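The structure under discussion appears below in the form of structure tokens.
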Number of protein chains: 2
Amino acid sequence: MPSRALSFVAEPGEIAGETSSTLKAFGVLEVLVRAGRAVTLSELMQATELPKPTLHRTLALFEEAGYLAREPGGRAYIIGERLSHFGLDVLRNDRAATQRRTVLRRVVSEIDESCNLAVLQRGALIYLDRIEVEWPLRLQIPVGGVAIPPHCCASGKLLLAYRPVAERQRLLELMALKRFTERTITDRQVLASEFDRIVTSGYAVDNEEYVLGVACVAVPVRSPHGEVIASLAVQGATARLPLMRAIEFVPRLQAAAADIGSTFG
Amino acid sequence: MPSRALSFVAEPGEIAGETSSTLKAFGVLEVLVRAGRAVTLSELMQATELPKPTLHRTLALFEEAGYLAREPGGRAYIIGERLSHFGLDVLRNDRAATQRRTVLRRVVSEIDESCNLAVLQRGALIYLDRIEVEWPLRLQIPVGGVAIPPHCCASGKLLLAYRPVAERQRLLELMALKRFTERTITDRQVLASEFDRIVTSGYAVDNEEYVLGVACVAVPVRSPHGEVIASLAVQGATARLPLMRAIEFVPRLQAAAADIGSTFG
DNA sequence: GCCATCGTTTCCGATAAACGGTACGAAAAG
DNA sequence: CTTTTCGTACCGTTTATCGGAAACGATGGC
């Protein structure tokens, strides 16, 4: 076996040299999470330089607690539900989150419409933050949990559109495409070309596809490395915010998205 | 002082009752991260029920390592840069889980009942993913970790039934067939014939065998090699989802199970 | 069917880490 | 200024963690 180099190894002795068992365990999680795929025990042995029984005990502990899980039909470890939730809470509440919130507030005050910042987690659209303008007519969405099916809102379509083509295609085949209004896109062909249009134009729109009378425009938020990790969107009642007017906000949204993107990483 | 209620407390004994120091420490982080603001030592004492010196040591450890930091000009703890980075990596990593979750979401939206994906690990049933529909009456299952005894739920019985006969037999003899309701199967003979019926029919049911008023139907998820690696199940209160109605969902569950299975390999 | 690799589990003594009552200085409240 | 609350430090005790070695089972390649 050619002993393929692992891309997610830690510094030599960085984890094994740690005196505290808790920090050692956390180091294991960091390595696993950086990997970006299911990781086996022996890979983690290489990457962390920890002895086999220690590693096995640590992983079993996290698995038992729900932070980690196993790839079905295999032995490799993947991120569990509890760790996913934890990661999301971190992003919502870390110091950079307050910077993002400041930027978001600024955009809202500039354009005087509700804005939100969303990410795609496990194929679902989830809000990192949202700021509502004080209008009598507004969308009520519970803060926190799962928000809106991705195929019928600007943020969801945008975040899907910027995924690697193969993955995007696969997800498109598997998605539900439930209809909410007469304008909801329920045809996979149409949605596929919508994705192309989004990548070409650099923004996505929701023309009353989820709720009649509500329009959205979303632009990508890129990390310093250039990958699209979030979506910044403006959303409002068409009576006040017709789609054409919303699209005029795109440049300002893009400027704000650049500011927000710089807070990641 | 009116001892303002803390919104981010853990369940009583959830953290303090944990035997592993690592999991205790992780529980502290979870509480802190959920808080959404700088948190003081004494607030964490309330929220976690841990003794003061223990907490102080744990927090100092994380601060030293860069996972936590102090509020500028104060003593309260906030999320450190290293933890922020960790959170972002968790979010980035979800590629594997996305497709499964997308399919699961699709089933839930089609049949409008709660569904879950489970595997059998060391004879225990573990949920990989769950999506609950927004009904007032629903089952509360702790996130992650060991869930339900396999002998009294559809997924557990199904996954046992599809094991090689020798192993199935061995597990059957080892299991403690604890009774939960009057319908729980506690006789090994009966359970063995139940296994046969499951393999013959291709699906398993739970007719209020774990909780009165809750029924389940489960179908196998097969890898491209044909082995049963997971179980896809629908579950709901019998008032809304009588067993007969649940069984009608079997074909749709099987179609979704095929999609999920195709995501391996 | 054979062999190599990988994952899981056991044992156990030594070591070190976690524990938490107690106490003291610092800060805030009154 | 007094009093209370809070954060930090100490330290003897205890207990979990560590990890080498090795065996076993499962897996996959050939």
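As a basis for the values below, the full set of heavy atoms in this structure was taken, side chains included, without hydrogen atoms, waters or symmetry mates. Please read all numbers here as calculations on a predicted model, not as lab measurements. The sequence lines fix the lettering, A, B, ..., with proteins before strands; numbering per chain opens at 1.
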Is atom CD of Glu64(B) surrounded by more than 12 heavy atoms (other residues, nucleotides or ligands) closer than 6.0 Å?
-> no
Atom-to-atom span, CD of Glu43(B) to P of dG7(D) - whole angstrom | 8 Å
Sugar-phosphate or base contact per nucleotide [nucleotides 19-26 of chain C; S, B, -; heavy atom under 4.0 Å] = BBBB----
Indicate whether any N or O donor in one side chain lies under 3.5 Å from an N or O acceptor in the other, for Thr186(B) and Arg179(B).
-> yes
Whole-Å gap separating C1' (dA18(C)) and CZ (Phe62(B)) | 14 Å
In whole angstrom, give the distance that lies between atom CG of Leu41(B) and atom C1' of dT8(D).
-> 9 Å
Nucleotide dT9(C), atom P - distance to CD of Glu64(A) in whole Å = 11 Å
Can you find a side-chain donor-acceptor pair between Ser114(B) and Arg130(B) that sits under 3.5 Å?
-> no
On DNA chain C, more 5' by nearest nucleotide between Tyr77(A) and Thr22(A) is Tyr77(A)
For Glu30(A) and Tyr67(B), test the side chains for any donor-to-acceptor distance below 3.5 angstrom and give the result as yes or no.
-> yes
What integer distance in Å separates Glu63(B):CD from dA9(D):P?
-> 11 Å
Check the distance between dA26(D)'s C1' and Arg70(A)'s CZ and give it to me in whole angstrom.
-> 13 Å
Thinking salt bridges, do Arg105(B) and Glu110(B) make one under a 4.0 Å N-O criterion?
-> no
Whichever of Leu61(A) and Arg170(B) has the more 5' nearest nucleotide on DNA chain D, that residue is Leu61(A)
Given atom CE of Met45(A) and atom C1' of dC18(D), what is their separation to the nearest angstrom?
-> 15 Å
Mind calculating the distance between NE2 (His56(B)) and P (dC11(D)) to the nearest angstrom?
-> 16 Å
Which of Arg100(A), Arg106(A), Arg101(A) passes salt bridge (Lys or Arg N to Asp or Glu O under 4.0 Å) with Asp259(A)? It is Arg106(A)
